[in-house]
There are 2 protein chains.
Amino acid sequence: MRNIKLTIEYDGTAYSGWQVQKNKKTIQETTELTLKKLFKENIKIVGSGRTDAGVHAAAQAANFKIKHLIQPEKLQKALNSALPKDIIITGAELAGNDFHARFNAKSKVYRYTILNQPYPSAFLRNKALFCPYKLNIAAMRREAKALIGRHDFRSFCVTACAKKNTIRTVKRVEIKKKLLDGRYPVIECIIEADGFLYNMVRSITGTLLEAAKLRMPEGGIRKILMKKNRAFAGPTLPARGLCLMEVKY
Amino acid sequence: MRNIKLTIEYDGTAYSGWQVQKNKKTIQETTELTLKKLFKENIKIVGSGRTDAGVHAAAQAANFKIKHLIQPEKLQKALNSALPKDIIITGAELAGNDFHARFNAKSKVYRYTILNQPYPSAFLRNKALFCPYKLNIAAMRREAKALIGRHDFRSFCVTACAKKNTIRTVKRVEIKKKLLDGRYPVIECIIEADGFLYNMVRSITGTLLEAAKLRMPEGGIRKILMKKNRAFAGPTLPARGLCLMEVKY
């Protein structure tokens, strides 16, 4: 059995997330079924982690074991020919036999995109949150600094993870203001951490957006972290603005 | 009756083009039906010109006459609330009574986008032509120069327009190489002209792409123009890469 590492780009709009679920179309299952069709093997793919329904990936990482001796580059082409056009294999390589996409991930980078203009965009409707209000980027950047480091992120996790270990290390938070395609004023929140709790990026970005609307006093994020209670954080933003950008090993 | 000018962004993927057609979903009809629903008037919208099935617009221009005295900004918000999310009104203003979106257009700017990397993209699947081959941008730019000016563009028009006046003035052709969203290597062909023949941008770009693949001798475009015969030009590229960027008045 060889161990293959895949890098996968997907538009999550039409899927119920990454992970296999009964009676739902997921990226994992669609890719597994395509592998089965191509290679006549029952293959189980291990992703670096789940992404929720509607969340995208520019570079999800995954691995799987296969008997077939096809070269990774040919496997990539075969998969891209057979997969739906909203799932693309951007990389395929032989990995060491021990490589595990989830356990070996050192950090992940997520990006949340906010379209900040007076009207929505037809092109970004599934890729960004539309926010027409004036946003204070300086306040977002100031509050974001409090997230850096090793903290208990319980306040940014939905109740589902109430009993788990909620300590994570955030390595980087960047708030970028730019014109997407030279035309669309967006704000991107880029967060890198050694791991993420359920809905963590979406509730952090929702809280930073409160800061950007000046609805939060200075030091608000630091205080919310200390509360260790989801009730104090801002809203969980919709899935469509979120994209898994990179998994580092 | 007041005359309202609209600027419209649309993702053309789900539509049979701009213009009303029997039993087909078009952008013009969708917008007209939405206006009727909102204002109880039968309104006919005049676009700056048609766009084909699958072609997009970042800024189509249109006008219509309306009895209702709603302010343009409020009309814009009402339309954006009622229209499907792949059609967005990015501007609405009172126009002079004589303003006609088609007859008064001085020039239009189209952009054709080519994704030039070894594998397709899930995010650009409906927005760009995927081309994995090595492309010679210098050859594209050199050939593009021959298009500038007043020429008979019969060679870049499908047979449908064989009898019409096929002389147009191309004001600008730019070949841009860039990283879209910091990640996707694309080549954009931007063409501005006082008017366009049916499929003109798509067949010009198809011919420039032949030059980029070094399948055309130097001076090829100039010779094709002189032939005044569609048979000598390159292929008409698919609609999805094309976007109407601006209509100038």
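Throughout, protein chains are lettered first and strands after them, A, B, ... in sequence-line order, and every chain is numbered starting at 1. It should be emphasised that the depicted structure is a prediction, and the values quoted were computed from it without experimental measurement.
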CZ of B/R142: more than 12 outside heavy atoms within 6.0 angstrom? yes

A/Y249 atom OH, neighbour heavy-atom count above 12 within 6.0 Å: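 Correct, the count exceeds 12.
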
Residues of residues 173-183 of chain B near chain A, each having a heavy atom less than 4.5 Å away: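 Answer by number: B/K178, B/L180, B/D181, B/R183.
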
Would you mind telling me which of A/E188, A/M245, A/Q117, A/K77 has the largest number of heavy-atom pairs within less than 4.5 Å of chain B? A/M245

Looking at chain B, which one of A/L83, A/D86, A/I89 has the largest number of heavy-atom pairs inside 4.5 Å, strictly under?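 Between A/L83, A/D86, A/I89, the count favours A/D86.
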
For [X], is it the side chain, the backbone, both or neither that has a heavy atom under 4.5 Å from a heavy atom of chain A?
X: B/T13; answer: neither
X: B/Y10; answer: backbone
X: B/F130; answer: neither
X: B/A58; answer: both

What residue in B/N80, B/T90, B/N126 has the most heavy-atom pairs under 4.5 Å with chain A?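 Highest number of heavy-atom pairs under 4.5 Å: B/T90.
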
Taking all non-hydrogen atoms of both residues into account, name the closest pair between B/I87 and A/A122 and its distance.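 Minimum heavy-atom contact is N-CB, 4.3 Å.
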
Shortest non-hydrogen separation from A/F123 to B/E9 and the atoms involved: N-OE2, 3.4 Å

Report yes if some heavy atom in the side chain of A/P120 is under 4.5 Å from a heavy atom in the side chain of B/K85; otherwise report no. no

Begin with the C-alpha distance, continue with both residues' side-chain angles, and end with the deciding distance and a verdict on side chain to side chain contact (heavy atoms under 4.5 Å, CB included) for A/D11 and B/R125. CA-CA 10 Å; A/D11 179 336; B/R125 69 191 189 281; 3.0 Å; yes

